[in-house]
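Below is one structure; the comments refer to it alone.
The chain is numbered in sequence order, starting from 1.
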Amino acid sequence: MEKKTAAVIIAAAALISSVVVSQFYADCTLQLRAVGVLAACLILWISEALPISISSLLIISLLPFLGLMDFGDVISNFGVNTALFIMASSGITIALSTGAVPKCLTNFLMKKCGGHPIMLVIGVSVTVALFSAFVSSLATCALFTALIVSALKSSGIKPGQTNLGKALMLTVPACAGIGGFMSPAGTPANILVIDILAQQGIEVTFLKWCAVGFTVGVPTVLLFALTVILVFRPEKNTEPITYSEVRFSSKDVATLVIVIAVIAGWVLTSFCTAINTTMVAVIGLGVMFLPPFRLLDMPKFSRGVNWDLVLAMGSVSILMTAVSNTGLLSDISGALFSNITTLSPLLVMMIISLVISVLRAFIPTTTAVIALFAPMLISISETTGLSVSALLMTASFWAATALLLIHTEPIYLISYKEGYFREADLLRVGVVSSLVLSAAATAGIYYLTLMTGLQA
């Protein structure tokens, strides 16, 4: 029997078992069925037996039958705002990734840092992270991996022969992930967290997220780069790293102008309540289709949008609401965390952060990470008094940042297939980085959410 088939059978068995058992416990019927829903989701998402959108849609279609949510509530809770933002920001990603901007950035790095391996690793790390703050992590990783591999091979740096190649190919996916946390546009998980916090009565503006995201993200990128440098000690190449010249076209200029205008619009949403980030992104997408520019067309746009992710993100809020309404997670968090209120809030957050970072290694998508942890973290916040915004932003950081295993995170597979590093190399640097970043990133998020008023 195939593993994926077995996973589907096990998930179905978990769900059916929860329904059967719930018949004998009238006082906790819904909680037991919620356990079955969570178990089925976890099995299907981790095994990737079905596309995450299909498994999510299948589960939410069963919610009325299970008595966890009325069909009308299922429809009304679909995350339209999140889904629209993903579609619109995907258009921006497509336009940027097919132009000359990434090539120009890579050429600049090779020209300025090519002869200094430590500066090159740091430069690549920061550049990839900043680019990924506004372009999807997957697209960022694919672009910079291809460009850097081309430069390495043309300079005689072959796979498996140098620590420089190993260091660069590890920093690209890792820093693309960290960069995804820096702005709301970086990864869909960020927008989902913002929507969840809005439901909790906490408004997170674009600028407030960026204030936390960039202040935490840039230092953690540097910490990861320094960890890679200390672990692998990249050597100076005997031959200068070469690069090919590239020129900006009129379309590249138009793309940059529109993207800068969209980012300016996102900043403006922090001061003008009449517009929001999704509205700005959709307007920017529409402008890219206009005849004077024609930066996108429908076939190109349709191929570039991750429709699986769009449907999954819309479904996640339904699952979270249904499970939270049963009171199951409140009961669990009360049992687990009611006795830790005497500990330092920051220490408790660091412990929770480290747990999420380890479990993230087995959960394949940012969407699934937030769907699984957000309801529990909200309940923990209610039980312990910890800041719900700090907890959810910590989960979003680890949703974007996977540092331990290759096969549960697609961005690592892109650079891994080039042959410059092994799975053991990622684990070697990932264990150290996870410990360091669990402390550094969590402390940063905790104090910055306090300073920006997000803990109010």
Do F232 and D425 have side chains that approach each other closer than 4.5 Å (heavy atoms only, starting at C-beta)? yes
Heavy-atom donor-acceptor pair, S353 side chain to M349 backbone, under 3.5 Å: no
With rounding to the nearest 0.5 Å, note down the distance linking CG in L66 to OG1 in T29. 11.5 Å
Might you point out which heavy atoms bring V216 and G444 nearest each other, and give the distance in Å? CG2-C, 3.8 Å
I'd like to know if the side chain of D70 and the backbone of D73 have a donor-acceptor N/O pair within less than 3.5 Å. no
Contact check, side chains of W209 and S396, non-hydrogen atoms, under 4.5 Å: yes
Under a 4.5 Å cut-off applied to non-hydrogen side-chain atoms, are L15 and L62 in contact? yes
With a 4.5 Å heavy-atom cut-off, do V212 and K208 have their side chains touching? no
If you draw a 6.0 Å radius around CZ in F301, do more than 12 non-hydrogen atoms from other residues or ligands fall strictly inside? yes
Option among V193, I196, N190, L197 that satisfies the side-chain contact (heavy atoms from CB on, under 4.5 Å) test with V204: L197
Do any N or O atoms from the side chain of T145 and from the backbone of C141 form a donor-acceptor pair under 3.5 angstrom? yes
Between T205 and F271, does a side chain to side chain contact (heavy atoms under 4.5 Å, CB included) hold up when you go through it step by step? CA-CA 9 Å; T205 63; F271 308 99; over 6 Å; no
To the nearest 0.5 Å, what is the distance between CG (L426) and NZ (K166)? 12.0 Å
Between F206 and V280, does a side chain to side chain contact (heavy atoms under 4.5 Å, CB included) hold up when you go through it step by step? CA-CA 12 Å; F206 184 85; V280 172; over 6 Å; no
State whether the side chain of T220 and the backbone N or O of G217 hold a donor-acceptor pair below 3.5 Å, judged by distance alone. yes
Close side-chain approach of F373 to L391, heavy-atom, < 4.5 Å: no
Hey, what do you get for OG1 (T127) to CD1 (I122), rounding to the nearest 0.5 Å? 11.5 Å
Point-to-point distance, once rounded to the nearest 0.5 Å, from CG of L290 to CG of L296: 10.5 Å
Is it the case that the side chain of N276 and the backbone of T278 share a donor-acceptor pair, with hydrogens and angles ignored and the cut-off at 3.5 Å? yes
Start with the C-alpha distance between M87 and V282, add both sets of side-chain angles, then the distance that settles side chain to side chain contact (heavy atoms under 4.5 Å, CB included), and finish with yes or no. CA-CA 8 Å; M87 291 170 60; V282 170; over 6 Å; no
Can you find a heavy atom in the side chain of P188 that is under 4.5 Å from one in the side chain of F85? no
Whether D195 side chain and L192 backbone form a donor-acceptor pair below 3.5 Å: no
Quick one: closest heavy-atom pair of A440 and L223, and the distance? CB-CD1, 3.8 Å
Counting N and O atoms only, with roles assigned by atom type, does the side chain of W266 sit under 3.5 Å from a partner on the main chain of T277, one being a donor and the other an acceptor? yes
Rounded to the nearest 0.5 Å, how far apart are CG of L222 and OG1 of T227? 10.5 Å
Any side-chain heavy atom of S18 within less than 4.5 Å of one from V35? no
Take L68 and L30, measure what side chain to side chain contact (heavy atoms under 4.5 Å, CB included) needs, and give me the verdict at the end. CA-CA 7 Å; L68 296 175; L30 295 181; 3.9 Å; yes
In Å and rounded to the nearest 0.5 Å, what is the CG to CE distance from L84 to M279? 11.0 Å
Is a donor on one side and an acceptor on the other found under 3.5 Å between the side chain of T449 and the backbone of L454? no
Which atom names give the shortest non-hydrogen contact between V128 and C175, and what distance separates them? CG1-C, 4.1 Å
Any chance CZ of F289 has more than 12 other-residue heavy atoms, nucleotides or ligands included, within less than 6.0 Å? yes
Check whether T442 reaches the backbone of A439 with its side chain - one donor and one acceptor, N or O, closer than 3.5 Å. no
Is there a side-chain contact between V124 and F144, using heavy atoms and a 4.5 Å cut-off? no
Of the non-hydrogen atoms in T394 and A390, which two are nearest, and what is the gap between them? OG1-O, 2.7 Å
For a quick test of reading the model, state the closest non-hydrogen atom pair linking L346 to A443 and the distance between them. CD1-CA, 3.8 Å
Heavy-atom pair of closest approach, residues A400 and T187: CB-CG2, 4.3 Å
Does any N or O in the side chain of S438 come within less than 3.5 Å of the main-chain N or O of L435, such that one atom is a donor and the other an acceptor? no
